[in-house]
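Only this structure's heavy atoms are used, side chains among them; waters, hydrogens and symmetry mates stay out. In what follows, every chain begins at residue 1, and chains take the letters A, B, ... in the order their sequences are listed.
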Amino acid sequence: MVASGTSERSKFLIIITGPTAVGKTSVAIEVAKHFNTEIISADSRQFYKGMVIGTAAPAIEDLELVKHYFVGHLEIENYFNVAKYEHDVLQILDQLFIKHRVVVLTGGSGFYIHAVTNGIDELPDADDQIRAHVQEIYNEGGLTELRRMLLKYDPVYAEKVDMANPVRIMRALEVSLQMGVPYSSLLINSKPKRPFNILKIALNIPRNELHNRINSRVDAMINSGLEEEVRSFYPKRNFNSLNTVGYRELFDYFDGLSTKEEAIEKIKTNTRRYARRQITWIKRDKEYHWFVPDSKVIISYIESQL
RNA sequence: GGUAUCGUAGCUCAGUAGGUAGAGCAACGGACUGAAAAUCCGUGUGUCGCUGGUUCGAUCCCGGCCGAUACCA
C-alpha cells in the first residue's frame, strides 16, 4: 500500500536529453517551472565543482530558480561512475517523488541516463590494486597482451567485445580477476522495474544549425574566461574528470603543443564529434520522442502523456 | 588594358604521356554494462570553373568566356 495516496502510476520521470548545445538546459528549466518541480542533472562533467564555463553548466540564476541535483557536487579528484550515479539518483528520486508528481532528469550523458532508466547489472567496482595491475599489463604488453588475457579469462566475452578497444577489455579483466569468474557470466542484462513512469524526450535541430551553435558557444566560452578556468585546473590535469573537451585542448596549448587558435578550433571540432556520438547513442533507444527545443510544444506533449 | 600562372571533395592540395580521380584535415555512419564530454570501429561524400572543338573517348590537348593571384602598364 502506498500511504501517501500518490500511486506509482501517476509518478513520472521526464528525461530530456539531446546533443550538446542543442538547448537542453533552458527547456528543462521551463518544464520544471511549469510542473513546479526539480531537476536532476545527467551530465558526467557538470558533476564536478568548478567546471562551469567549459561544461556550459546552468547559470547561478537558473540554479536559484529551480533546484538542481548533481551539479558541482563532486571534487575534481573524486572517483565516480555510472553505478554510483544510478544508486544516488534512485535514492534522491524516492525523496522527490514524495513531494512531486513529476521530476525532470536532463543531460547529455547517455550511458548515465540509461543506467537510471534501464538499470545496469550489479557488478563490483574494481579495487584499486587490481585496476593498477591491469593498467600495468596494458602499459607493458599493449593491446596484444590484453587480448591474450581476455581469451584466457573470458573467451565468451572475447567473442563479442570490441577487441580493439583497450578500455572495454581492461574492465572485463578487472572484474574477472577480482571475482574469479568470467566477466560475461555476471552480465545478466537485468532490467529492473522502476517505481515510476518514464517519459523519454530527445531534442535535436538540423546538423548545420547545431554546428553553428557549437562553434559560437565555444567562442563565447573563451570570451567568458575559459582559459583561466582551465589554467586553474592545470595541476590536476591528469584526473579523469579533466579528460574533457574544452580542457584537454587548452592543456595542450599551455604545454606549447599548439597555439591558442589551434586549441580553440580543436575544441570546436571535438565538441561537434561529441555531439554526433551523443546522437548515435540516443537513436539506438527507440523509446525517445524527438522534438526541436520548443518548451511550449514539449510541455503540452508531456501534459498529454501524464 | 597587357602578360603569366592558377581554377579538381566542405578546406588545403596531388594526379592522369587522353580510358570519368586520391591524400591530409573536416564531415558522415556505427559500437558501447562502473573512464562515457571517455574509449573504439568503419565510410570518399566530386557536373575535375563554364562553353565550343579535336578524338571511339577530354578533368588532361586546342579556342573562347568567367573568376582568382602576381607582375607590367
Side-chain angles (χ1 to χ4, degrees), chain A residues 17-22 24 41-48 51 53-57 78-88 107-128 130-132 134-135 138 143 146-147 154 157 160-176 178-179 182-192 207-208 210-211 214-215 217-218 221 230 238-250 262 265-285:
Chain A
T17 190
T20 189
V22 78
K24 293 185 292 297
S41 171
D43 186 301
S44 71
R45 291 303 188 270
Q46 288 179 13
F47 296 159
Y48 294 95
M51 294 175 68
I53 299 172
T55 64
N78 290 154
Y79 173 70
F80 199 65
N81 62 46
V82 246
K84 293 178 196 292
Y85 178 76
E86 178 199 20
H87 173 265
D88 293 354
S109 301
F111 188 30
Y112 282 67
I113 295 172
H114 184 84
V116 171
T117 60
N118 296 57
I120 53 174
D121 292 325
E122 293 210 17
L123 299 171
D125 292 351
D127 78 47
D128 293 346
I130 290 179
R131 289 198 85 185
V134 171
Q135 183 65 50
Y138 180 45
L143 202 50
L146 288 181
R147 286 171 174 162
D154 192 347
Y157 196 60
K160 59 177 247 190
V161 74
D162 177 0
M163 287 291 256
N165 192 332
V167 172
R168 294 280 119 72
I169 302 175
M170 284 193 283
R171 167 66 180 158
L173 283 177
E174 286 163 12
V175 175
S176 300
Q178 182 166 328
M179 302 300 281
Y183 173 69
S184 60
S185 70
L186 301 169
L187 300 178
I188 53 177
N189 206 5
S190 55
K191 195 185 175 193
R207 193 64 64 91
N208 61 339
L210 185 65
H211 287 181
I214 287 170
N215 295 341
R217 193 176 70 173
V218 171
M221 285 176 177
V230 176
N238 289 323
F239 285 99
N240 180 248
S241 46
L242 291 169
N243 183 195
T244 301
V245 175
Y247 295 79
R248 63 210 310 208
E249 296 86 353
L250 285 170
E262 287 166 345
E265 278 311 303
K266 207 79 181 127
I267 293 172
K268 292 176 180 174
T269 298
N270 288 335
T271 304
R272 280 181 246 129
R273 289 174 170 169
Y274 168 49
R276 180 154 50 79
R277 273 179 275 129
Q278 290 175 301
I279 293 167
T280 298
W281 178 279
I282 301 165
K283 276 196 295 198
R284 190 165 63 155
D285 186 340

Taking the same atom, [atom1], in [N] and in [M], what whole-Å distance lies between them?
N: B/G19; M: B/G57; atom1: C1'; value: 7 Å
N: B/C72; M: B/C25; atom1: C1'; value: 38 Å
N: B/G64; M: B/C71; atom1: C1'; value: 24 Å
N: B/A21; M: B/U47; atom1: P; value: 13 Å
N: B/G7; M: B/U16; atom1: P; value: 13 Å
N: B/A58; M: B/U51; atom1: P; value: 13 Å
N: B/G46; M: B/U54; atom1: C1'; value: 26 Å
N: B/A31; M: B/A38; atom1: C1'; value: 14 Å

Looking at every strand, decide which applies to [X] at a 4.0 Å heavy-atom threshold: base, sugar-phosphate, or nothing.
X: A/T269; value: sugar-phosphate
X: A/H114; value: nothing
X: A/N243; value: sugar-phosphate

Which of these nucleotides, B/A36, B/A38, B/C40, is closest to any side-chain atom of A/V245?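 Nucleotide nearest to A/V245's side chain: B/A38.
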OP1 or OP2 of [N] under 4.0 Å from side-chain N/O of [X]:
X: A/R171; N: B/A38; result: no
X: A/R45; N: B/A36; result: yes
X: A/Y112; N: B/G34; result: no

Can you establish whether the number of heavy atoms outside A/N208 located under 6.0 Å from its atom CG is more than 12? yes
CG of A/N238 versus P of B/A35: gap in Å, rounded? 17 Å
What is the distance from CZ of A/R207 to P of B/A26, rounded to the nearest Å? 16 Å
So, does A/R248 use its side chain to make a donor-acceptor pair with the main chain of A/L242 at under 3.5 Å?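 No; zero donor-acceptor contacts below 3.5 Å.
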Does A/G108 offer a backbone N or O that forms a donor-acceptor pair with the side chain of A/Q278 under 3.5 Å?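 Answer holds: yes.
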Most 5' of A/R273 and A/P124 on RNA chain B, judged by nearest nucleotide: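 The residue mapped nearer the 5' terminus is A/R273.
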Any N or O donor-acceptor pair linking the side chain of A/R277 to the base of B/G30 at under 3.5 Å?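 No.
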Syn-anti status, with the boundary at 90° from 0, for the nucleotide B/G53: anti
